[in-house]
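A short write-up of the structure that comes next.
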Amino acid sequence: MTRSGWVLGAAGITLVVAASEVLGRAGIVHRDFLPPASVILTRAGELAFDPLFRADVAATLTAWGLGLLIAVGLAVPLGLLLGSVPPVGRAVTTIVEFLRPIPSVALIPLVAMMLGAGLGMRLTVIVYAAVWPILFNTVYGLREVDPLAKETLRAFGFGEPSVLLRVSLPATLPFVATGVRMAAAVALILAVTAEMFGGFGSGIGIFIAQAANYPGGIDDTLAATVWAGLIGLAVNGLLAGGERRLFRWAYR
Amino acid sequence: MRGFAQRWLLFAACVVAWQVVAAAAADPFFPPPSVIGRQMYGLARAGAGTGDVLPSLLRLGAGFVLGSLAGVLLGLAIGRSRWVFQLLDPVLQFFRAVPPPTLVPVFVVLFSIGPRAQIASIVFSVLWPVLLNAADGARRVEPLHLETARAFRLTGPERLAYVIVPASLPKIFAGLRLALSLALILMVFSELQPGAANGIGFRLQEATTRFDYETVWAAIALLGMLGYALNAGLRVVERQVWRGQP
């Protein structure tokens, strides 16, 4: 981004914060409904030094990271199989197309009954939501591999496994990475949602669900929401930066 | 034809296998598909269609339409101005990164428990991905196309209709597809909240408290089918819109 872009962006943030402050202080929006930005941001600052809230953030990030890892471990091999053996791919696609649209939130009550509201339940719903973007991007990436490169390797007598390993897999990796970035965003949503439903233990979602129950808790809800948004932003930024760095050749 | 057979034969085989295994296991947590199907039929006869499915779909529709209309209009406007885009981009990125369920308690306080808070949650989840995609699309319109349009003295609205919107459509539809899955998540989540009065999520939640796994599975299966149908519907709209382009 250019320097003027940074300046304008900072000005935009200031503008929005100031507008929220004015709306709150002038009494246009009721204090108990939407507190002014300074109150929310001060509270968010305090939470950064609150060991309990830090434990909540750590719990959410652990479930989120583990869930994402498991999803990658399941979706990439499956995607490679579906993408490189077309008959299997066609047949499994139908099943996948019915499974994918089930909103993973709907599984929370059932899984909570079977596994309790602990890490197992959180991981199950996170993995369920995160598998699809990675799976689809892997299959899609395999389809985009340069056929000439594959033919060349075959002409030199390489077998199918080494064509997959030397050409298809590296060419597919940027697509997989994009899938992982999309999955990371959904996984964070599901991590927080599963916590909000579970209601005990630690996690940003639990902090928010409990804050909704005491008077004046809206400050805490919004302060925690600010952190959730910042974490989402940071994760997305790190993954996008990593993609550009690792796969520079794919962004020509 | 062979592709079609491959698709549905394996699908049918899986359903049959599920039926056989689930019937043999007789685990109350995992009823066989025949039982789930019978339960869906029974719920439909008992009026779940108008009592729960319709309210859910109406809220989903209202939230999705409001959120995506606002997202497209604001996104195109923001994307067309370089400095407005740079001014608002960090703020918009932040709002997109906020997991929408965290704001459901806030919407409940703002609008009190009920359809308005539920629709607001869906609107929030839909707005940001659509807005940012529309802005991104509007930003990447070929400058040459715009100059040509100016040379032919197209007015502002004409340039919008014939140059900017068509060029932004692929991005907009990518945003809408993403928004649809988020809207479904928020539809269900807002109905799981204490105080919800009806809806597929409400029925699901209420059935778990009664250990009625057949209804739970019926609701999950229905959500899968609805999601499939809504995605297919969006694809049809996308094709129609493409065909309507000059």
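A quick note: this is a predicted structure, and the numbers were derived from the prediction, not measured. Letters A, B, ... are given to chains in the order of the sequence lines, protein chains preceding strands, and every chain is numbered from 1.
Your options are L88(B), V98(B), V108(B), and the one with the most heavy-atom pairs under 4.5 Å with chain A is V98(B). With chain A as partner, the option from L192(B), T209(B), L87(B) having the largest number of non-hydrogen pairs under 4.5 angstrom is L87(B). Among P109(A), A234(A), A10(A), the residue making the largest number of heavy-atom pairs under 4.5 Å with chain B is P109(A). The candidate from T93(A), N236(A), V16(A), I231(A) with the greatest count of non-hydrogen atom pairs under 4.5 Å with chain B is V16(A). Contact count versus chain B (heavy atoms, under 4.5 Å) is highest, among V92(A), I208(A), L107(A), I95(A), for I95(A). Taking L226(B), V15(B), I200(B), V188(B) one by one and counting their heavy-atom pairs under 4.5 Å with chain A, the maximum is reached by V188(B). Of all the listed residues (G232(A), P103(A), P133(A)), the one sharing the greatest number of non-hydrogen pairs under 4.5 Å with chain B is P103(A). The greatest number of non-hydrogen atom pairs below 4.5 Å with chain A, out of F95(B), W83(B), F11(B), is found for F11(B).
A salt bridge does not link R43(A) to D219(A): none of the charged side-chain nitrogens sits closer than 4.0 Å to a carboxylate oxygen. The existence of a salt bridge linking E191(B) and R203(B) is excluded, since no basic side-chain nitrogen approaches an acidic carboxylate oxygen closer than 4.0 Å. Using a 4.0 Å cut-off between charged nitrogen and carboxylate oxygen, R38(B) and E214(B) do not count as a salt-bridge pair.
Under the 3.5 Å distance criterion, the side-chain polar atoms of N231(B) are matched with a main-chain donor or acceptor of G227(B).
Residues P174(A) and E243(A) form no side-chain contact, since every pair of their non-hydrogen atoms from C-beta on lies 4.5 Å or further apart. Using a 4.5 Å heavy-atom cutoff, the side chains of V106(B) and T225(A) are not in contact.
Using a 4.5 Å cut-off between heavy atoms, V7(A) does not touch chain B at all. Proximity to chain B (any heavy atom under 4.5 Å) is shown, for T193(A), by both the backbone and the side chain. Contacts between L222(A) and chain B at a heavy-atom distance below 4.5 Å involve the side chain alone, from C-beta outward. For V109(B), the parts lying under 4.5 angstrom from a heavy atom of chain A are both the backbone and the side chain. Interface remark: F30(B) contributes side-chain atoms only to the contact with chain A (heavy atom separation under 4.5 Å). Neither the backbone nor the side chain of A185(A) has a heavy atom closer than 4.5 Å to any heavy atom of chain B. Proximity to chain B involves both the backbone and the side chain of L233(A), based on heavy atoms less than 4.5 angstrom apart. The contact between L182(B) and chain A is made entirely by side chain atoms (from C-beta outward), counting heavy-atom distances below 4.5 Å. Residue contact with chain B, scored on non-hydrogen atoms closer than 4.5 Å, involves the side chain of L190(A) exclusively. With a 4.5 Å cut-off on non-hydrogen atoms, F211(B) touches chain A through its side chain but not through its backbone.
M114(A) contributes atom CE, which lies 6.0 Å from atom CZ of F29(B) (distance to the nearest 0.5 angstrom). The CD1 atom of I189(A) sits 11.5 Å away from the CD1 atom of I126(A) when rounded to the nearest 0.5 Å. The structure places CH2 of W64(A) at 13.0 Å from CG of L123(A), a figure rounded to the nearest 0.5 Å.
Classification of the F53(A)-W227(A) ring pair by plane angle, with boundaries at 30° and 60°, yields tilted.
Screening I220(B), L43(B), T208(B) for a side chain to side chain contact (heavy atoms under 4.5 Å, CB included) with T215(B), the sole residue that qualifies is L43(B).
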